[in-house]
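Lettering follows sequence order; numbering is per chain, from 1. Worth saying up front: this structure is predicted, and the values here are computed from it rather than measured.
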Number of protein chains: 2
Amino acid sequence: MSGHAAVKSLQRGELAERTGCNIETVRYYEKIGLLPEPPRTSGGHRAYSSTHERRLRFVMRARELGFSLEEIRELLRLAEERDRPCAEASTVAATHLQDVRTKIADLKRMEGVLKNVVVQCGDGTQPECPLIETLFREPTARSAKPRTKSARSPGD
Amino acid sequence: MSGHAAVKSLQRGELAERTGCNIETVRYYEKIGLLPEPPRTSGGHRAYSSTHERRLRFVMRARELGFSLEEIRELLRLAEERDRPCAEASTVAATHLQDVRTKIADLKRMEGVLKNVVVQCGDGTQPECPLIETLFREPTARSAKPRTKSARSPGD
DNA sequence: TCTTGAACCTGTAGTGACTACAGCCCGTAT
DNA sequence: ATACGGGCTGTAGTCACTACAGGTTCAAGA
């Protein structure tokens with residue numbers, strides 16, 4: 001698995017294949033300046049180095065943790081500084097952790113209500129559908145809109 | 001506060017004010033056909049009735065439960081049928097419940113990792129930042145991408 | 001009645017993080 | 001030599017809004 005042989009450059013979608021990242025996504029990251037533009041072959045094809053792969057993997061792992069691309073941009077900037085400013089990086093993480101917890105709380109509230117209606121609906125033979133009645137009648141508890149930056153689940 | 005007098009039509013943003021829904025959002029729902037177009041005054045202003053308010057509240061409550069607009073469209077369709085097809089409605093809810101649970105699981109995984117790195121970073125005086133090292137080194141456990149339809153938390 | 005100014009109107013563009021496609025070009029294997 | 005699978009660029013679509021520009025209407029106060 002680990003590259004013991006020297007890999008000079010990855011071509012023909014090898015970067016995408018090695019990392020599991022969609023090739024269009026890689027180009028998108030490049031376009032928005034998250035990844036550096038790689039050198040090109042004479043024909044114009046991108047020739048990535050292991051440096052590119054390393055950086056892409058960083059982005060992918062950060063995405064898996066739900067960081068937004070802007071947060072990742074900031075983390076990459078911090079990662080490149082000589083003396084790593086751990087304080088700033090961990091602030092980014094702590095803020096994001098709070099976002100994640102808020103989302104979990106919101107989703108759990110939804111889950112509770114949904115679980116109830118699904119149970120009440122049962123086999124679907126109710127004359128009045130509990131789900132529809134709930135939506136028409138009950139003022140479901142509203143959480144204050146947190147207005148957080150994105151940073152979504154990887155499965156979105 | 002509560003409308004004990006007959007309200008014939010709501011104007012001057014009264015619908016938005018009464019429901020707490022942004023007026024631009026109401027018009028967006030109208031445009032995509034989720035809400036019916038209300039009659040207009042001679043000058044072209046929308047004149048909503050309590051029927052519109054009821055339907056809008058339905059949409060808002062469903063959004064609070066994380067249903068997508070397409071799911072809500074379906075639920076509204078079911079709500080209008082003579083004999084309420086509870087079975088179909090509860091299937092929509094059950095599917096959505098599964099989506100919600102998947103998202104909770106994803107977010108909890110993120111929360112666990114983030115909690116750890118924040119603790120490891122501590123007061124930010126580490127020479128090597130644990131967060132950045134984690135992103136460069138560890139292959140964070142990847143969950144299979146569930147490829148679910150949207151339906152996001154209300155705070156997004 | 002007239003004026004003011006807030007709220008309405010339409011239509012378009014922007015958000016985030018991709019994904020999909022059209023139309024062309026390159027590179028390798030046969 | 002040629003086929004064809006992949007790369008290339010650029011644009012448009014997704015979801016659920018939100019923000020704005022540029023114009024019109026309405027209700028209240030003078």
Run A/R54 and B/F136 through side-chain contact (heavy atoms from CB on, under 4.5 Å) and show every step you take. CA-CA 7 Å; A/R54 179 175 151 87; B/F136 268 130; 3.8 Å; yes
Taking only side-chain N and O atoms of B/Y29, does any of them lie within less than 4.0 angstrom of OP1 or OP2 on D/dC17? yes
Measure OH/A/Y48 against C1'/D/dG6 and give the value in whole Å, please. 13 Å
When you check the phosphate oxygens OP1 and OP2 of C/dT10, does a side-chain N or O of B/R46 lie under 4.0 Å from one of them? yes
For atom CG of A/D99 and atom C1' of C/dG16, their distance in whole Å: 14 Å
For B/K31 and C/dG11, give me the distance from atom NZ to atom P, rounded to whole Å. 8 Å
Counting just side-chain N and O atoms, does B/N22 come under 4.0 Å of either OP1 or OP2 of D/dT18? yes
Protein N or O to nucleotides 21-27 of chain C N or O, pairs below 3.5 Å:
residue	atom	partner	partner atom	Å
C/dG27	OP1	A/G43	N	3.2

At how many degrees, to 10°, do the end axes of the helix from C/dT1-D/dA30 to C/dT30-D/dA1 meet when each uses five pairs? 20°
Presence of salt bridge, A/D106 and A/R109, under 4.0 angstrom: yes
A/M60 has an atom CE; how far is it from atom C1' of C/dC18, in whole Å? 13 Å
What is the distance, to the nearest angstrom, from the CD1 atom on A/I32 to the P atom on C/dC18? 8 Å
Taking OH from B/Y28 and C1' from D/dC15, how many angstroms apart are they, rounded to a whole number? 6 Å
Does B/E88 reach the main-chain N or O of B/P85 with its side chain, forming a donor-acceptor pair under 3.5 Å? no
What nucleotide, of C/dC18, C/dC9, D/dT9, holds the atom closest to the side chain of A/R63? C/dC18
Please confirm whether the backbone N or O of A/L135 pairs with a side-chain atom of B/R61, one donor and one acceptor, at under 3.5 Å? yes
Do the charged groups of A/R27 and A/E30 touch, with an N to O distance under 4.0 Å? no
Report the distance from atom CZ of A/F67 to atom C1' of C/dG16, rounded to the nearest whole Å. 17 Å
Given D/dC17, D/dT11, D/dC8, which nucleotide is nearest the side-chain atoms of A/R40? D/dC8
Of all the heavy-atom pairs spanning A/P39 and A/H52, show the shortest one and how long it is. CD-CE1, 4.2 Å
Nearest-Å distance, CZ (B/R73) to P (D/dC15)? 10 Å
Is A/K31 salt-bridged to A/E37, cutoff N-O under 4.0 Å? no
Determine whether a donor-acceptor pair (N or O, by modelled atom type, separation under 3.5 Å) exists between the side chain of A/T25 and the backbone of A/C21. no
Does A/R27 or B/T25 map to a spot on DNA chain D nearer the 5' end, using the closest nucleotide for each? A/R27
Are the side chain of B/R63 and the backbone N or O of B/F67 linked by a donor-acceptor pair below 3.5 Å? yes
